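Keep in mind it's a predicted model, so treat the numbers as computed, not measured.
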Amino acid sequence: FPAEQTVVNRGPMNIALRPFALINRPDKTASLDSFNVHSGPIGAFDDAVQFGPNYEDVREEGTVSNEGKTNWVGFTDVYWMSALIPDKGAAASDFRSLGSGLYRADLLYDPVTVGAGKQLTRTTRLFAGAKESAVLDRYEESGISKFGLAIDWGWFRWFEKPIFMLLIKLFELAGNFGVAIILLTLIVRGIMFPVAQKQFASMAAMKAIQPKMKALQERYKNDKERQQKEIMELYKKEGVNPLAGCLPIFLQIPVFFALYKVLILSIEMRHQPFALWIRDLSAPDPLHLLNLFGLLPFDP
């Protein structure tokens, strides 16, 4: 949404102005800021997205100035964002605590001079809405730097984006987001099966030589150096690599963490039903011990 500010100088002398724009945001309805998904002040400065500071940092500092040219600035939740995109030209920005849980993002243009009888128009664009990946990417393609990265993909973005696109495609085919998640999990598990199979084989081999290892440990319990040498010879003889069981785990961790984070960030999952009592996959399970697992008409 474009917001235009126009100043007409009808006086006989030049006037100096500094155009600005702002967004106010209370923290009472803000989503939780966690270690893996940021909620709070956000912006892109010198073409790099900055997830922070958080509301507590701004409250303690009072005012936090952002370094570098501001590409866009505002506030984000897990699913939603409000942001100001400056007109062409240099612009600075900061975050301020106004007290009582209210915060402000300021967009400050460079000072300008309007001559006598002249006018100046400054256009600032406002984005306020859902952080849908395809929508943000289209805005980025139109010239808003790094707007697609307003979604806090994190370190494993290169895994997460393909997984996310596959999830959306499966949702389109299945028509049920819960079924799409199940299908996606099966596909990811299938792709990772060769790695997991090597891990299982290594674990089985280690288990098979355990009796021989214990015998060596007992035989050379008073000679640790000889014990280690004999165990290494046993590994070599049996063709077992003790590290082979750990490496597949480290290879799988980024993939499954990426899958977990995609499910956190997908606004497409919001208000999507699955089956039976599950009417919103993005909400906590309504069946709880406090309502006797749904028998009482009470939502804890």
Once rounded to the nearest 0.5 Å, what's the spacing between atom CG of Leu167 and atom CD of Glu172? 10.0 Å
Let me check something: do Val188 and Ile182 share a hydrophobic cluster, defined by ILVMFWY side-chain heavy atoms less than 4.5 Å apart, either directly or through other members? yes
Answer yes or no: are there more than 12 heavy-atom neighbours, outside Arg18 itself, under 6.0 Å from its atom CZ? yes
Common cluster, Ile168/Tyr260, ILVMFWY with side-chain heavy-atom separation under 4.5 Å: yes
To which residues is Val8 joined in a hydrophobic cluster, defined by side-chain heavy-atom contacts under 4.5 Å among Ile, Leu, Val, Met, Phe, Trp and Tyr, whether direct or through other members? none
For Phe51, which residues count as a ring-ring contact (aromatic ring centres under 6.0 Å, His included) partner, sequence neighbours excluded? none
Do Leu84 and Arg125 have side-chain heavy atoms sitting under 4.5 Å apart? no
Gap separating the CG atom of Leu170 from the CG atom of Leu186, nearest 0.5 angstrom: 10.0 Å
Within-4.5 Å side-chain heavy-atom neighbours: Leu184 and Phe164: no
Do Val49 and Phe147 make a side-chain contact, defined as non-hydrogen atoms from C-beta onward lying under 4.5 Å apart? no
Please report the interatomic distance NZ(Lys261) to CD(Glu160), rounded to the nearest 0.5 Å. 5.5 Å
For a quick test of reading the model, state the closest non-hydrogen atom pair linking Ser93 to Thr70 and the distance between them. OG-OG1, 2.8 Å
Might you point out which heavy atoms bring Val262 and Ser266 nearest each other, and give the distance in Å? O-OG, 2.5 Å
For Glu225, is the CD atom crowded, meaning more than 12 foreign heavy atoms sit under 6.0 Å from it? no
Find out whether Phe127 and Ile144 are in side-chain contact, i.e. whether some heavy atom of one side chain is under 4.5 Å from a heavy atom of the other. no
Heavy-atom side-chain contact between Phe274 and Phe177 under 4.5 Å: no
Can you confirm if the aromatic rings of Phe75 and Tyr103 lie within a centre distance of less than 6.0 Å? no
Is the side chain of Asp77 donor-acceptor paired with the backbone N or O of Ser31 at a distance under 3.5 Å, no angle test? yes
SB check Asp106 Arg104 (cutoff 4.0 Å): yes
Identify the two heavy atoms, one from Tyr55 and one from Arg25, that lie closest to each other, and give their separation to 0.1 Å. OH-CG, 3.5 Å
Between Asp33 and Ser39, what is the shortest heavy-atom contact and its length? OD1-N, 3.0 Å
Backbone N/O of Met13 and side chain of Asn9: donor-acceptor pair under 3.5 Å: yes
Transitive ILVMFWY side-chain link Met269 to Val135, under 4.5 Å: yes
Between Asn71 and Asp47, is any side-chain donor less than 3.5 angstrom from a side-chain acceptor? yes
Any donor and acceptor pair, going by atom type alone, linking the side chain of Glu132 with main-chain N or O of Ala134 inside 3.5 Å? no
Would you say Val73 ends up clustered with Leu22 if hydrophobic residues are merged whenever their side chains have heavy atoms under 4.5 Å apart, either directly or through other cluster members? no
For Thr121 and Gln5, what are the C-alpha separation, side-chain angles and deciding distance, and is it a side-chain contact (heavy atoms from CB on, under 4.5 Å)? CA-CA 6 Å; Thr121 298; Gln5 296 169 292; over 6 Å; no
Contact summary for Pro19 and Asp110, nearest pair of heavy atoms: CD-O, 3.9 Å
Does Phe193, at its CZ atom, have more than 12 non-hydrogen atoms belonging to other residues, nucleotides or ligands within less than 6.0 Å? no
Is there a donor-acceptor contact under 3.5 Å from the side chain of Glu140 to the main chain of Gly148? yes
Does a side-chain N-to-carboxylate-O contact under 4.0 Å join Arg96 and Asp94? yes
Side-chain (Asp27) to main-chain (Ala30) donor-acceptor, under 3.5 angstrom: no
Supply the atom-to-atom distance Phe171 CZ to Glu268 CD, rounded to the nearest 0.5 angstrom. 8.5 Å
Between Asn54 and His38, is any side-chain donor less than 3.5 angstrom from a side-chain acceptor? no
Measure the spacing between CD1 of Ile191 and CD1 of Ile187 and express it to the nearest 0.5 Å. 7.0 Å
Using the rule salt bridge (Lys or Arg N to Asp or Glu O under 4.0 Å), only one of Lys146, Lys131, Lys161 pairs with Asp137; which is it? Lys161
Cluster membership besides Leu32, Ile/Leu/Val/Met/Phe/Trp/Tyr side chains within less than 4.5 angstrom, sorted by chain and number, is none
Compare every heavy atom of Ala116 with every heavy atom of Gly11, then report the nearest pair and how far apart it is. O-CB, 3.3 Å
Treating Ile, Leu, Val, Met, Phe, Trp and Tyr as nodes and any side-chain heavy-atom pair under 4.5 angstrom as an edge, say whether Leu107 and Val64 lie in one connected cluster. yes
Ignoring hydrogens and geometry beyond distance, is a side-chain donor-acceptor pair present between Thr124 and Tyr109 at under 3.5 Å? yes
Does any part of the side chain of Ser133, heavy atoms only, come nearer than 4.5 Å to the side chain of Trp153, both counted from C-beta? yes
Does Val112 sit in a hydrophobic cluster with other residues, and if so which ones, taking ILVMFWY side chains as linked at heavy-atom separations under 4.5 Å, directly or through other members? Val7, Ile15, Leu17, Val114, Leu120
Report the hydrophobic cluster partners of Leu98, with the cluster defined as I, L, V, M, F, W, Y residues connected by side-chain heavy atoms closer than 4.5 angstrom, directly or transitively. Leu102
With a 4.0 Å cut-off on N to O distance, would you call Arg157 and Asp152 a salt bridge? no
Sequence neighbours excluded - ring pair (Phe, Tyr, Trp, His ring centres under 6.0 Å) pairs with any residue from residues 2-28: none
With a 6.0 Å cut-off (strictly less than), is the heavy-atom count around CD of Gln210, excluding the residue itself, greater than 12? yes
Any donor and acceptor pair, going by atom type alone, linking the side chain of Ser34 with main-chain N or O of Val37 inside 3.5 Å? yes
Rounded to the nearest 0.5 Å, the CG atom of Leu126 sits from the CD1 atom of Ile23 at a distance of 5.5 Å
